[in-house]
Amino acid sequence: MGPKTPPQLAGKWQVLCMLSLCCWGWVSGQLRYSVVEESEPGTLVGNVAQDLGLKMTDLLSRRLQLGSEENGRYFSLSLMNGALAVNQKIDRESLCGASTSCLLPVQVVTEHPLELIRVEVEILDLNDNSPSFATPEREMRISESAAPGARFPLDSAQDPDVGTNTVSFYTLSPNSHFSLNVKTLKDGKPFPELVLEQQLDREAQARHQLVLTAVDGGTPARSGTTLISVIVLDINDNAPVFQSSVLRVGIPENAPIGTLLLRLNATDPDEGTNGQLHYSFGDHTSEAVRNLFGLDPSSGAIRVLGPIDFEESSFYEIHARARDQGQPAMEGHCVIQVDVGDVNDNAPEVLLTSLANPVLESTPVGTVVGLFNVRDRDSGRNGEVSLDISPDLPFQIKPSENHYSMLTSQPLDREVTSHYIIELLASDAGSPPLHKHLTIRLNISDVNDNAPHFNQQLYTAYIPENRPPGSLLCTVAASDPDTGDNAKLTYSIVGNQIQGAPASSFVYVNPEDGRVFAQRTFDYELLQMLQIVVGVRDSGSPPLHANTSLHVFVLDQNDNAPAVLHPRPGWEHSAPQRLPRSAPAGSLVTKVTAVDADAGHNAWLSYSLLPQSTAPGLFLVSTHTGEVRTTRALLEDDSDTQQVVVLVRDNGDPSLSSTATVLLVLEDEDPEEMPKSSDFLIHPPERSDLTLYLIVALATVSLLSLVTFTFLSAKCLQGHADEDGGGGQCCRRQDSPSRDFYKQSSPNLQVSSDGTLKYMEVTLRPTDSQSHCYRTCFSPASDGSDFTFLRPLSVQQPTALALEPDAIRSRCNTLRERSQQAPPNTDWRFSQAQRPGTSGSQNGDDTGTWPNNQFDTEMLQAMILASASEAADGSSTLGGGAGTMGLSARYGPQFTLQHVPDYRQNVYIPGSNATLTNAAGKRDGKAPAGGNGNKKKSGKKEKK
């Protein structure tokens with residue numbers, strides 16, 4: 001290849017050639033020089049002037065010069081001496097390439113005459129280039145299945161130098177598998193080959209590094225190298241291999257889903273698809289294992305897919321295989337043995353084998369009432385179970401291996417506890433321990449071991465008299481803590497007699513609900529109280545029963561009008577009263593006496609003067625005593641005969657009344673003949689033998705009393721000697737029966753419509769059928785109180801209690817014969833300011849107040865009951881005594897029982913000649929005013 005010539009230079013050369021042809025005659029001679037490439041600038045190539053034979057003196061005139069600018073690029077011509085020198089370094093390889101000869105033409109021009117001289121400069125080669133390969137590194141792929149002796153051509157090295165300076169030979173770095181073979185081509189150039197000397201194994205060495213060196217023949221010799229990388233191509237000649245053919249791993253039960261069990265790590269020395277493995281379960285892996293474990297085909301990770309339960313299986317065996325992707329595919333196998341570790345994840349189980357439910361409450365202690373079986377699916381200590389029972393129960397647990405018995409440890413009582421909630425706690429020995437609760441409701445069956453029980457030992461019922469039969473009295477209620485038939489109660493009247501008639505004829509009790517009804521109409525004046533025994537019986541076997549007492553009190557109704565005793569009805573015309581005209585104002589004329597068969601408030605009587613009287617303004621009737629007195633002195637023009645009509649009205653609602661007519665005859669008479677007694681009862685003629693009878697009776701009673709006292713004294717002394725000073729039974733202090741009187745008291749409050757206390761009735765009921773009943777009525781709104789002595793009750797009583805007549809008499813009013821009735825006592829009269837009444841009727845100076853509302857009424861009732869208890873203890877008095885019944889503390893020191901007006905001279909006992917008098921006068925040693933005088937004057941009146 002020749003050197004490349006620039007286009008401009010080529011054009012110039014063409015011009016020169018044309019000139020040369022034109023001036024052929026002018027051109028003469030040809031010079032040839034040689035110079036070594038890469039010579040330094042200024043290196044002398046040759047002397048053109050001298051070789052042309054030009055004189056040195058003519059050089060200036062001949063103007064010796066290079067013919068083209070291209071020539072001046074590489075060479076320079078000296079005008080002074082004609083020397084041709086190197087203008088710049090010349091690279092032969094760039095000018096001539098691989099050509100063996102390299103000539104560079106140079107034209108020299110002279111003038112005078114004009115001549116063109118051709119000069120050739122040969123550029124000599126210098127070994128300035130080393131052999132080089134096309135690439136510094138070459139990669140070769142040789143299959144590991146290649147047979148030894150196989151040849152693989154290599155790239156030749158290139159050297160721009162020529163001749164001996166070009167590539168001369170090749171060398172290869174030592175290698176056991178390869179060798180170098182160099183061939184010589186027709187052009188004489190060497191050609192290297194790689195020869196396989198030994199079988200390749202990619203798994204042993206996948207890459208071989210070889211160094212090929214090319215050396216030229218220059219002096220000094222130059223060389224070039226290239227790196228040959230021999231890559232051994234894989235073939236699927238290796239099967240996958242697991243680390244071990246049997247792998248053993250452990251995992252706790254209940255491992256979470258996704259837990260990594262194992263990551264398979266099979267190896268295949270092959271590469272590419274030949275070494276790319278795919279994992280899967282072997283054919284011998286069961287379906288159950290496939291459901292519990294999952295195998296990732298790419299990574300070989302085995303993870304948990306389902307619940308691992310030690311109790312279902314403690315061991316699993318997984319068959320796995322690894323298969324490569326070669327052709328043909330090769331695979332390896334292994335077995336994974338999985339040991340499941342037990343975890344205390346199963347709570348104990350309590351199985352009820354047998355249970356006696358319900359259990360009789362009469363079951364003896366130690367009786368087996370239940371059998372239980374316990375189990376735990378865990379193993380080892382996790383499966384050891386203990387059974388406990390909740391405390392404070394009448395049961396205990398007795399173990400026997402895995403069986404437990406529940407026994408009674410205490411007596412059972414259904415009435416205390418009808419059922420038991422039994423908590424059984426089963427605990428294993430794991431860590432942490434697990435528990436299981438079993439709740440059992442054990443019912444206790446009833447046994448008829450409890451008798452019925454009334455809610456009250458004593459029931460009290462009140463029924464107004466004249467109520468029609470069938471009226472509900474009360475309801476008795478009993479309870480039986482048993483159940484079923486044992487608690488099914490039947491009520492009945494226990495047989496007893498009331499006034500000779502069976503009790504069932506008076507009342508009827510509903511056998512189912514205990515409602516008590518009246519069988520007849522009651523009359524208070526005939527029967528005030530019934531004592532009935534009501535029984536109840538259950539339906540158990542054997543049946544049990546109980547009794548209670550029912551006191552039925554008949555309440556009085558105002559069904560009896562007042563009865564006038566004096567003057568006796570129909571006798572007012574036959575026995576007129578005489579009144580002297582000289583009687584001063586306020587003189588007692590007569591006294592109207594009446595009685596009401598009713599009791600309490602209905603028996604309170606009030607007297608008033610009717611306008612039918614002859615001279616209503618002449619006389620005045622005391623509202624409470626019935627005393628008729630003159631209002632003024634009698635005048636001469638007053639009629640000699642006066643008729644006084646008195647209305648007697650009770651305090652019932654509605655009230656009943658009667659009238660009494662008193663005939664008065666005004667006459668002139670000795671004042672001494674005026675009656676001074678308030679006793680106007682007509683006495684029967686005195687009999688001479690009455691005194692004798694009284695004396696005999698008194699002597700007999702005194703004698704009997706003396707004998708009785710002597711007998712009791714002797715018995716007490718004997719008892720005292722027998723008991724060493726114990727006092728004997730008769731000398732011991734016993735509770736006074738009067739206490740029982742007041743314990744059985746039954747207060748009955750009657751309240752007005754405005755809330756004030758109308759009156760209160762306190763009835764003292766003895767327990768002895770032969771004793772008497774006392775009723776005291778207190779009224780804050782009136783001037784008097786009633787104390788009624790009733791006849792003995794004819795009701796048969798279950799118990800007898802001896803009454804203390806003396807004690808009652810000392811605290812109550814005494815009975816006297818009708819002939820000994822005393823006149824009204826004046827010690828109770830007091831001023832209006834002292835008289836109890838409503839709070840509005842009292843003066844502001846009074847310190848005490850009278851109860852005027854329901855609260856005060858209740859307080860009054862409580863204090864009266866307290867006074868009754870004091871009376872039973874002998875610490876208080878009733879009637880006109882000095883006792884205050886505790887009222888002075890409430891209503892002031894001025895309020896005592898002395899402030900209560902005495903109505904007892906107006907109260908008569910029906911069917912008896914007795915009347916009540918004030919016992920206070922007797923205690924004080926005072927005789928009733930006009931007691932004997934009244935009897936005497938009455939006799940005189942009868943004689944007249």
Side-chain angles (χ1 to χ4, degrees), residues 202-203 206 233-349 375-385 428-436:
R202 194 204 66 81
E203 289 74 32
L233 299 179
D234 182 55
I235 62 173
N236 193 23
D237 58 344
N238 292 280
V241 178
F242 286 96
Q243 183 179 0
S244 176
S245 60
V246 177
L247 301 176
R248 195 177 189 92
V249 295
I251 185 172
E253 64 173 331
N254 301 328
I257 303 299
T259 300
L260 179 64
L261 174 68
L262 176 67
R263 189 181 297 275
L264 295 177
N265 189 19
T267 58
D268 191 332
D270 297 329
E271 67 173 357
T273 59
N274 297 329
Q276 185 176 355
L277 301 182
H278 182 276
Y279 297 94
S280 62
F281 288 115
D283 297 334
H284 299 289
T285 303
S286 64
E287 189 66 25
V289 173
R290 295 173 186 264
N291 295 332
L292 293 178
F293 301 97
L295 176 58
D296 189 295
S298 300
S299 64
I302 301 178
R303 296 182 182 274
V304 177
L305 292 182
I308 307 298
D309 193 352
F310 174 84
E311 289 69 37
E312 292 184 3
S313 178
S314 61
F315 177 80
Y316 296 96
E317 190 171 78
I318 304 173
H319 295 268
R321 64 186 173 193
R323 177 179 295 176
D324 59 25
Q325 305 299 314
Q327 294 294 333
M330 303 185 73
E331 61 184 27
H333 299 270
C334 75
V335 177
I336 301 99
Q337 295 178 348
V338 181
D339 294 321
V340 180
D342 183 34
V343 175
N344 192 23
D345 61 337
N346 289 280
E349 298 181 18
R375 66 180 182 183
D376 194 325
R377 298 179 62 190
D378 296 324
S379 61
R381 289 189 58 81
N382 294 335
E384 297 178 4
V385 183
D428 58 25
S431 179
L434 298 180
H435 309 280
K436 181 61 176 292

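Scope of the values below: all heavy atoms of this structure, side chains included, with no hydrogens, waters or symmetry mates.
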- Below 4.5 Å, heavy atoms only, C-beta onward: do Val385 and Arg375 meet side chain to side chain? no
- Shortest non-hydrogen contact between Ala322 and Pro240, atoms and distance: O-CG, 3.4 Å
- May I have all residue pairs that pass side chain to side chain donor-acceptor pair (under 3.5 Å) and include part of residues 249-268, sequence neighbours excluded? Asn254-Asp345
- Nearest-0.5 Å distance, OG of residue Ser286 to CD1 of residue Ile318: 9.0 Å
- Residues forming a side chain to side chain contact (heavy atoms under 4.5 Å, CB included) with Val335, sequence neighbours excluded: Glu317, His319, Gln337
- Any side-chain heavy atom of Asp342 within less than 4.5 Å of one from Glu311? yes
- Grab the two heavy atoms, one from Asn382 and one from Gly430, that are nearest each other, plus how far apart they are. OD1-CA, 3.1 Å
- Item | Atom of Phe310, atom of Ser379 and distance for their closest heavy-atom approach | CE2-OG, 3.3 Å
- Query: Hey, is NE2 on His284 packed in by over 12 heavy atoms from elsewhere, all under 6.0 Å?
  - Reply: no
- Task: Could you check Glu331, Gln276, His278, Met330 and say which one makes a side-chain contact (heavy atoms from CB on, under 4.5 Å) with Asp324?
- Result: Met330
- Task: Please tell me if the side chains of Val340 and Glu312 come closer than 4.5 Å, counting only heavy atoms from C-beta onward.
- Result: no
- Here the pair of heavy atoms bringing Cys334 nearest to Ser244 is CB-O, 3.6 Å
- Task: Quick one: do Glu203 and Asp270 satisfy side-chain contact (heavy atoms from CB on, under 4.5 Å)? Show the steps, please.
- Result: CA-CA 7 Å; Glu203 289 74 32; Asp270 297 329; 2.7 Å; yes
- Is the count of non-hydrogen atoms from other residues, nucleotides or ligands lying under 6.0 Å from Arg290 atom CZ greater than 12? yes
- Considering non-hydrogen atoms only, spot the tightest contact between Ile251 and Ala255 and give its length. CD1-CB, 3.7 Å
- Query: In a check of side-chain contact (heavy atoms from CB on, under 4.5 Å) between Phe293 and each of Leu305, Ile336, Ile308, Leu262, which one passes?
  - Reply: Ile308
- Message: Within the 4.5 Å heavy-atom criterion, are Asp376 and Asn346 side-chain neighbours or not?
- Response: yes
- Query: So do Ile302 and Val249 actually touch side chain to side chain, heavy atoms under 4.5 Å?
  - Reply: no
- Query: Can you find a pair of side-chain heavy atoms, one from Leu264 and one from Phe242, that are under 4.5 Å apart?
  - Reply: yes
- Message: Donor-acceptor check, side chain of Asn344 to backbone of Pro432, threshold 3.5 angstrom: yes or no?
- Response: yes
- Short side-chain to backbone donor-acceptor contact, Asn236 and Pro328, under 3.5 Å: yes
- Message: Please check this pair: side chain of Asn238 against backbone of Pro269, looking for a donor-acceptor N/O pair closer than 3.5 Å.
- Response: no
- Task: Could you tell me whether Asp428 and Lys436 make a salt bridge, using a distance below 4.0 angstrom between a side-chain N and a carboxylate O?
- Result: no
